S.K.: 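Okay, handing you the structure first.
The structure presented is a predicted model; accordingly, all values stated were derived computationally and were not measured.
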Amino acid sequence: MKRWVKMIRFIGGLCLVTLLGIAYVSYLCHNSLCLAPEHSSLSPRYSVSSSSSSSKSEIPSSPASLVKLIGGFPTKVNIESVAFEEAYDMGFDITSRDVIVFLHIQKTGGTTFGRHLVRDLNLENPCNCPKKRKRCDCFRPNTVNEQWLFSRYSTGWKCGLHADWTELTDCVEGALDEYEGTSRKRRYFFITVLRDPIHRYLSEFRHVQRGATWKSARHWCGGQEFTSLPHCYKGSNWTGVELDEFMNCSYNLAHNRQTRMLADLTLAGCYTGYNTTADQLERDRILLQSAKQNLASMAYFGLTEEQATSQYIFERTFHLDFANPFDQANATLSAQAIAELTPAQIERVRQLNSLDNELLEFARQLLHERFKKLKRRDPHFRRNWLRVIHPHNLHKVPSDFLFTLKYTMFA
């Protein structure tokens, strides 16, 4: 009898130790998502499969479906993401189940681009934009609530203020299901706009200096909302901040914002230990590689500094035209702001945005490759390109200019 009692106690002790061990490991992995070692690749985040081919600078390939890491465990999320090649070959079907998802990064010209999407596309059933209302109704033809555009000026910030790639891919399907009152499978065409990192960073600095905070952003990642991120300021905002103080805040989300917002943050432990010195180089490597991969898998992206090229790529990719051209913003204000900085300050801004600088170089090369590819496929390239750069004076362009244009644009 005593032997049985001892055996039961022994087994109970083993069970207790096992449970305590599981609880301890769960506690350690709760926020960090149990990061993989340095030699691990990006593959744990999603399985890569795509019907499109990729160019030499495009990190292959686009995720047709995503595997989310929720609480450290992979969970299949059926999001069908359409890549550039597939978008061009199959087009965008506004009458079916296709949805354009605009990832709006702060101070990249996204507000202007977002207005173009809801107001300037030549559609049989354009978005309905009532006066004195910021948002427009961009419903599919013959429907009363099915959205073909997921953006600030159509659905609003359904996935959070300036939702990033991590938030959007986790949220967009459920948000649209809730909005439309039904569950359905859709094809998602992710798009975004990038900007020169130094100009973007200084523009954000000026915006924050005037009182902007974006404090209502959710920072959703890995199945949880990171609400306790430290602020760089005391009080309600950072009004009047000087540039040196702005740069000296190590957890300022303005640093390398474009890379962070395009990357899969679950690969780097979400916001746990954000911008700490521990393993920062490895974290930066993971985020930059992920941002490049996600950018290359997007159906479309544009560059603020190359408006005409960006407009042409959008129109030929989606087979949709804009009634009004994209305006190339005057860079005088940005140039003036940079001229007021010391060489040391300019170098510091560049260092703080080193990942964004590398991302932009990748994006610029990829943009030009896509342009050349679309140009080769476009039998009416001269007419389409001139309509972009001279929308109101096409009939006045000399014929010799048309001939020259054929052999000069990114030849």
S.K.: Under 3.5 Å, is there a donor-acceptor pair between the Asp98 and Ser96 side chains?
M.R.: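 No, no side-chain donor-acceptor contact under 3.5 Å.
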
S.K.: Looking at Asn353, is its backbone amide N or carbonyl O close enough to the side chain of His255 to form a donor-acceptor pair, meaning the two atoms are under 3.5 Å apart?
M.R.: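 No: the side chain of His255 does not pair with the backbone of Asn353.
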
S.K.: Evaluate whether atom CG of Asn122 has more than 12 neighbouring non-hydrogen atoms of other residues, nucleotides or ligands under 6.0 angstrom away.
M.R.: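 Yes - once you tally the heavy atoms of other residues, nucleotides and ligands closer than 6.0 Å, there are more than 12.
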
S.K.: Can a donor-acceptor pair be found, under 3.5 Å and without considering hydrogens, that links the side chain of Arg195 to the backbone of Gln106?
M.R.: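 Checked: no pair found.
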
S.K.: Within the side chain of Thr317, is there an N or O that forms a donor-acceptor pair under 3.5 Å with the backbone of Ile313?
M.R.: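 Yes; judged by distance alone, with no hydrogens or angles, the pair exists.
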
S.K.: Out of the candidates Asp164, Asp170, Thr227, only one should pair with Trp220 under the side chain to side chain donor-acceptor pair (under 3.5 Å) rule; please name it.
M.R.: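 Testing Trp220 for a side chain to side chain donor-acceptor pair (under 3.5 Å) against Asp164, Asp170, Thr227 leaves exactly one candidate, Asp170.
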
S.K.: If you round to the nearest 0.5 Å, how far is NZ of Lys107 from OH of Tyr201?
M.R.: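 Answer rounded to 0.5 Å: 14.5 Å.
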
S.K.: Which atom names give the shortest non-hydrogen contact between Phe301 and Leu367, and what distance separates them?
M.R.: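 Between these two residues, the closest heavy atoms are O-CD1, 3.6 Å.
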
S.K.: Is the number of heavy atoms from other residues, nucleotides or ligands within 6.0 Å of CD (Glu178) greater than 12?
M.R.: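 No, because the 6.0 Å sphere around CD of Glu178 holds 12 heavy atoms or fewer from other groups.
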
S.K.: Ignoring hydrogens and geometry beyond distance, is a side-chain donor-acceptor pair present between Asp120 and His116 at under 3.5 Å?
M.R.: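 Distance-only check passes for Asp120 and His116.
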
S.K.: Check this for me, if you would: do Glu85 and Lys373 make a salt bridge, where the nitrogen-to-carboxylate-oxygen distance has to be below 4.0 angstrom?
M.R.: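 Counted as a salt bridge, because a side-chain N and a carboxylate O are separated by less than 4.0 Å.
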
S.K.: Can you see whether Asn252 engages Arg257 through a side-chain donor-acceptor pair at a distance of less than 3.5 angstrom?
M.R.: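 No pair is found: no donor N or O on one side chain lies under 3.5 Å from an acceptor on the other.
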
S.K.: State whether cysteine residues Cys136 and Cys127 meet the disulfide criterion of an SG-SG distance below 2.5 Å.
M.R.: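 The answer is no, since Cys127 and Cys136 keep their SG atoms 2.5 Å or more apart.
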
S.K.: Verify the neighbour count for atom NZ of Lys215: are there more than 12 heavy atoms of other residues, nucleotides or ligands below 6.0 Å?
M.R.: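 Yes, enclosed.
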
S.K.: Under the ring pair (Phe, Tyr, Trp, His ring centres under 6.0 Å) test against Phe314, which residue among Phe371, Tyr300, Phe84, Phe92 passes?
M.R.: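 Exactly one candidate clears the test, Tyr300.
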
S.K.: Applying side chain to side chain contact (heavy atoms under 4.5 Å, CB included), run through Asp356 and Leu194 and close with a yes or a no.
M.R.: CA-CA 9 Å; Asp356 278 6; Leu194 300 181; over 6 Å; no

S.K.: Glu204 and Ala254: which non-hydrogen atoms are nearest, and at how many Å?
M.R.: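 Looking at all heavy atoms of both residues, the shortest contact is OE2-CB, 3.2 Å.
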
S.K.: Is a side-chain donor-acceptor pair under 3.5 Å present for Gln345 with Asp244?
M.R.: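 Judged by distance alone, the side chains do pair up.
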
S.K.: Closest heavy-atom contact between Leu176 and Gln147?
M.R.: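 Of all heavy-atom pairs spanning Leu176 and Gln147, the closest is CD2-CB, 4.2 Å.
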
S.K.: Can you check whether Val241's main-chain N or O pairs, donor with acceptor, with Gln209's side chain at less than 3.5 Å?
M.R.: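 Flag set: sc Gln209 to bb Val241 pair under 3.5 Å.
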
S.K.: Might you work through the side chain to side chain contact (heavy atoms under 4.5 Å, CB included) test for Leu123 and Trp148, ending with a clear yes or no?
M.R.: CA-CA 12 Å; Leu123 301 171; Trp148 60 264; 3.6 Å; yes

S.K.: Could you grab the distance from atom OH of Tyr153 to atom SG of Cys138, nearest 0.5 Å is fine?
M.R.: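 Atom-to-atom, Tyr153:OH and Cys138:SG are 12.5 Å apart.
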
S.K.: So, Glu180 and Arg186, do they make that salt bridge, N to O below 4.0 Å?
M.R.: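 Between Arg186 and Glu180 there is a salt bridge, with a charged N closer than 4.0 Å to a carboxylate O.
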
S.K.: Please tell me if the side chains of His199 and Thr304 come closer than 4.5 Å, counting only heavy atoms from C-beta onward.
M.R.: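 A side-chain contact is absent here, since even the closest heavy-atom pair is not under 4.5 Å.
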
S.K.: Would Gln365 and Glu369 count as having a side-chain donor-acceptor pair, cut-off 3.5 Å?
M.R.: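 Note: Gln365 and Glu369 side chains meet the donor-acceptor criterion.
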
S.K.: Assess whether atom CD of Glu242 is packed by more than 12 heavy atoms of other residues, nucleotides or ligands within 6.0 Å.
M.R.: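 Incorrect, the count does not exceed 12.
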
S.K.: Can you name the closest pair of heavy atoms from Phe113 and Val193 and give their distance?
M.R.: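 So the minimum-distance heavy-atom pair works out to CD2-CG2, 3.8 Å.
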
S.K.: Are the side chain of Ser310 and the backbone of Glu306 linked by a donor-acceptor contact shorter than 3.5 Å?
M.R.: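 It does hold such a pair.
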
S.K.: Work out which heavy atom in Asn256 is nearest to a heavy atom in Leu355; give both atom names and the distance.
M.R.: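 Of all heavy-atom pairs spanning Asn256 and Leu355, the closest is OD1-N, 3.0 Å.
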
S.K.: What's the separation between atom CG in Asn128 and atom CZ in Phe139, rounded to the nearest 0.5 Å?
M.R.: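 Taking CG in Asn128 and CZ in Phe139, the distance rounds to 8.5 Å.
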
S.K.: Using the salt bridge (Lys or Arg N to Asp or Glu O under 4.0 Å) rule, pick out the option among Arg184, Arg97, Lys185 that qualifies with Glu80.
M.R.: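 Result: among Arg184, Arg97, Lys185, Arg97 is the only option passing the salt bridge (Lys or Arg N to Asp or Glu O under 4.0 Å) with Glu80.
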
S.K.: Within the side chain of Thr166, is there an N or O that forms a donor-acceptor pair under 3.5 Å with the backbone of Ala263?
M.R.: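 Answer holds: yes.
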
S.K.: About how many Å separate SG of Cys249 and CH2 of Trp238, when rounded to the nearest 0.5 Å?
M.R.: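 So the CH2 of Trp238 and the SG of Cys249 are separated by 5.0 Å.
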
S.K.: Okay, side chain of Ser183, backbone of Asp177: is any donor-acceptor separation there less than 3.5 Å?
M.R.: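 No: the side chain of Ser183 does not pair with the backbone of Asp177.
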
S.K.: Please tell me whether Asp284 and Gln280 have a donor and an acceptor in their side chains that are separated by less than 3.5 angstrom.
M.R.: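 Yes, because at least one side-chain N or O of Asp284 sits under 3.5 Å from a partner of the opposite role on Gln280.
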
S.K.: Would you mind reporting whether Tyr188 and Glu173 have side-chain heavy atoms less than 4.5 Å apart?
M.R.: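 Heavy-atom side-chain distance check passes, below 4.5 Å.
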
S.K.: Side chains of Tyr312 and Asp378: do they bring a donor and an acceptor to under 3.5 Å?
M.R.: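 Tyr312 vs Asp378: donor-acceptor pair found between side chains.
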
S.K.: Could you please spell out the steps behind the side chain to side chain contact (heavy atoms under 4.5 Å, CB included) verdict for His104 and Trp157?
M.R.: CA-CA 10 Å; His104 183 175; Trp157 302 114; 3.7 Å; yes

S.K.: Test Glu358 against every option in Arg350, Arg364, Arg285, Lys292 by the salt bridge (Lys or Arg N to Asp or Glu O under 4.0 Å) rule and name the one that passes.
M.R.: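 In the set Arg350, Arg364, Arg285, Lys292, the residue that makes a salt bridge (Lys or Arg N to Asp or Glu O under 4.0 Å) with Glu358 is Lys292.
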
S.K.: So which heavy atom on Phe189 is nearest to which on Ala87, and how close?
M.R.: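 What the structure gives for the nearest pair is CE2-CB, 3.8 Å.
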
S.K.: With a 3.5 Å distance limit and no angle check, can you tell me whether Ser290 reaches the backbone of Ile286 through a side-chain donor-acceptor pair?
M.R.: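 No, because the side chain of Ser290 does not come within donor-acceptor range (under 3.5 Å) of the backbone of Ile286.
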
S.K.: How far does CZ of Arg210 sit from CG of Asn237, to the nearest 0.5 angstrom?
M.R.: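 That separation rounds to 12.5 Å.
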
S.K.: Check the pair Phe190, Asn294 against side chain to side chain contact (heavy atoms under 4.5 Å, CB included), reporting the backbone distance first and the verdict last.
M.R.: CA-CA 9 Å; Phe190 285 90; Asn294 291 335; over 6 Å; no

S.K.: Looking at CD of Glu245 and OH of Tyr233, how far apart are the two atoms once the value is rounded to the nearest 0.5 Å?
M.R.: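 If we round to the nearest 0.5 Å, Glu245:CD and Tyr233:OH are 12.5 Å apart.
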
S.K.: Checking Ser154 side chain against Leu149 main chain: does a donor-acceptor pair fall under 3.5 Å?
M.R.: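 Such a contact is found between Ser154 side chain and Leu149 backbone.
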
S.K.: Looking at Arg140 and Ile94, would you say the former's side chain and the latter's main chain have a donor-acceptor pair under 3.5 Å?
M.R.: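 Judged by distance alone, yes, a pair lies under 3.5 Å.
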
